[in-house]
Protein chains: 2
Amino acid sequence: MAHCSSEALGPLVERHKEETADVADDRRESALPSTAYAVLGLLTMTGEVTGYELRKWAMNMRYFYWSPAQSQLYLELRRLRDRALVYERTEAQPGRPDKRYYTITDTGRRVFRDWLDHSEVGPPLLKHSVALRLFFGHQTSHSRLREVLTQYAEWARRQQQELSALKGDMLPALRYSSIVADWGVGYFAAEINAVESALASLDAMDSEVGES
Amino acid sequence: MAHCSSEALGPLVERHKEETADVADDRRESALPSTAYAVLGLLTMTGEVTGYELRKWAMNMRYFYWSPAQSQLYLELRRLRDRALVYERTEAQPGRPDKRYYTITDTGRRVFRDWLDHSEVGPPLLKHSVALRLFFGHQTSHSRLREVLTQYAEWARRQQQELSALKGDMLPALRYSSIVADWGVGYFAAEINAVESALASLDAMDSEVGES
DNA sequence: TGACTCATGTAAGCGGTTACATGATTTG
DNA sequence: CAAATCATGTAACCGCTTACATGAGTCA
């Protein structure tokens with residue numbers, strides 16, 4: 001019952017090897033992680049900002065791209081500075097660390113555009129812990145599964161609302177962000193819908209058991 | 001035009017701090033990464049397998065949960081063995097590394113069920129590089145955006161087909177997997193739909209420019 | 001015979017998180 | 001006056017990837 005035959009399995013093909021490698025590596029010094037490009041992209045929209053401010057902007061992207069930890073952002077900005085992709089203006093402060101303002105440099109703009117225009121696009125990375133649990137549903141109870149699913153649906157609804165609110169607050173000039181926001185709203189709608197279907201399937205399984 | 005005011009931004013609230021921490025940590029030795037639970041879960045369905053075989057199974061979950069690198073899987077199995085959550089049977093082979101077969105232990109089953117039943121469910125992790133690029137659309141051309149989007153839609157369609165095929169091949173006894181598969185199919189449908197909407201938005205922007 | 005599958009492993013390094021530390025400024 | 005915000009930083013650690021290495025069996 002809880003045992004799988006392996007007939008459905010083909011041989012183990014190692015895919016996505018060269019796909020993930022950046023095609024344009026050869027013409028740049030070395031590839032940057034995607035977070036770096038996210039930061040550069042943000043800097044093309046914001047003007048001079050501190051790491052702290054930038055983090056707030058980064059959090060607006062969390063609906064389709066996770067936002068990195070604070071320490072990671074500061075680290076990334078220093079790396080970009082070392083590569084002269086951003087310019088750092090420091091403001092001395094008595095008795096505590098300098099305040100650092102960042103702007104994107106021309107080189108940074110060029111590198112960013114190059115990435116946008118020529119870099120290989122990989123598939124999205126998804127780690128869906130709710131789906132994972134449902135997948136292993138045979139090891140738990142339906143009541144627990146329902147609990148997990150409804151909790152997730154509530155979260156998705158909140159995200160959807162936040163995203164809609166954010167879109168309303170945004171300047172209409174930011175067209176691309178609003179297209180992405182629509183995408184996100186649709187995505188959450190699909191998730192909510194999927195949860196409802198899953199709950200219905202659980203109901204169906206329960207009543208089957210009742211009949212037999 | 002490409003400059004944001006920061007009015008839409010609230011203060012930087014540090015959320016999801018205790019949310020990510022595992023509530024049930026205190027009653028176990030120490031928490032395991034989610035990959036470990038995925039492996040344990042797989043072992044509740046497969047019986048005795050080698051690391052190599054297990055990897056093939058793990059790849060069936062790649063539609064909603066990324067599949068780890070080969071080396072990581074072997075590492076994970078050894079860790080689970082060290083914690084006595086899986087049992088390792090070695091088969092000596094002349095002139096090369098032992099062949100290792102794994103089965104889940106009773107302790108492993110208990111730990112896995114405990115995780116399923118009591119652990120806090122975090123939100124899914126999503127890094128959507130296509131949406132990221134679209135978000136920064138003001139820095140590239142519409143033709144490039146269209147290229148990226150259509151490429152992604154093709155990929156999503158392929159995934160959808162693979163997933164449907166997989167579902168067809170699967171034993172009907174595996175109900176939960178098939179519920180998750182349906183979820184996945186719907187997810188890819190939503191993605192394809194979102195891409196089409198985005199393409200339509202780009203068209204609309206182009207014709208606006210033509211009119212003005 | 002050569003390509004592919006089966007099967008396991010090591011080493012280096014990176015991206016990222018968690019936790020901690022500090023202190024001025026603003027706000028209720 | 002206390003709490004939250006602004007603002008930067010360090011150290012330890014972990015999950016995971018990449019790249020490499022090995023070798024037997026199978027099949028065209």
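Protein chains get the first letters and strands the later ones, always in sequence-line order, with residue 1 at the start of each.
Across the interface with DNA chain C, nearest-nucleotide mapping of A:A69 and B:P97 shows B:P97 to be the residue nearer the 5′ end. Mapping A:P94 and A:A36 onto DNA chain C via the closest heavy atom, the residue that lands nearer the 5' end is A:A36.
Applying the 4.0 Å criterion to OP1 and OP2 of C:dG9, one finds that B:Y74 has every side-chain N and O outside that range. Residue B:R55 places no side-chain N or O under 4.0 Å from the OP1 or OP2 atom of C:dA7. Contact between the side-chain N/O atoms of B:R96 and the OP1/OP2 oxygens of C:dC6 is not found at any separation under 4.0 Å. Within the structure, every side-chain polar atom (N or O) of A:T35 is placed at least 4.0 Å from both OP1 and OP2 of C:dG15. Residue B:K127 has a polar side-chain atom (N or O) positioned under 4.0 Å from OP1 or OP2 of C:dG16. In terms of phosphate contacts, A:W66 brings a side-chain nitrogen or oxygen within less than 4.0 Å of OP1 or OP2 of C:dT17.
Of the candidates D:dC16, C:dC6, D:dT8, the closest approach to any side-chain atom of A:T50 belongs to D:dT8. Of the candidate nucleotides D:dC16, C:dT5, D:dA7, C:dT5 has the atom nearest to the side chain of B:Y52. Picking from D:dT10, C:dT17, D:dT8 the nucleotide with the shortest atom distance to the side chain of A:R78 gives D:dT10. Distance from the side chain of B:Q70 is smallest to C:dG9 among C:dG9, D:dA7, D:dT17. Nearest nucleotide to the side chain of B:E53, out of C:dA7, C:dC6, D:dG15: C:dA7.
A 4.5 Å side-chain heavy-atom check between B:F188 and B:S164 finds every atom pair outside the cut-off. Contact of the B:Y63 side chain with the A:L126 side chain is not registered, since no non-hydrogen atoms from C-beta on lie closer than 4.5 Å. Annotation: side chain of A:E88 is not in contact with side chain of A:L77 (no heavy-atom distance under 4.5 Å).
Rounded to whole Å, the distance from CG on A:D98 to C1' on C:dG23 is 14 Å. The separation between B:L75 atom CG and D:dT18 atom P is 16 Å, rounded to whole Å. Residue A:E91 contributes atom CD, which lies 12 Å from atom C1' of D:dA7 at whole-angstrom precision. The distance between atom CD of B:Q72 and atom C1' of C:dG15, rounded to the nearest whole Å, is 14 Å. As a whole-Å value, the separation of A:K99 NZ from D:dC6 C1' is 8 Å. Distance, A:L54 CG to D:dA7 P: 12 Å, rounded to whole Å. Remark: P of D:dT8 and CG of A:L73 are 11 Å apart, rounded to the nearest angstrom. Rounded to an integer number of Å, the gap from CG of B:L125 to P of C:dG15 is 16 Å.
B:S119 and A:R133 share a side-chain donor-acceptor pair at under 3.5 Å.
Among the atoms of the strands shown, base atoms are found under 4.0 Å from some heavy atom of A:S71.
For the residue pair A:Y65 and B:H128, the shortest heavy atom distance occurs at CD1-N, 3.3 Å.
Of the charged side-chain nitrogens involved, at least one lies within less than 4.0 Å of a carboxylate oxygen, so that A:E76 and A:R79 count as a salt-bridged pair.
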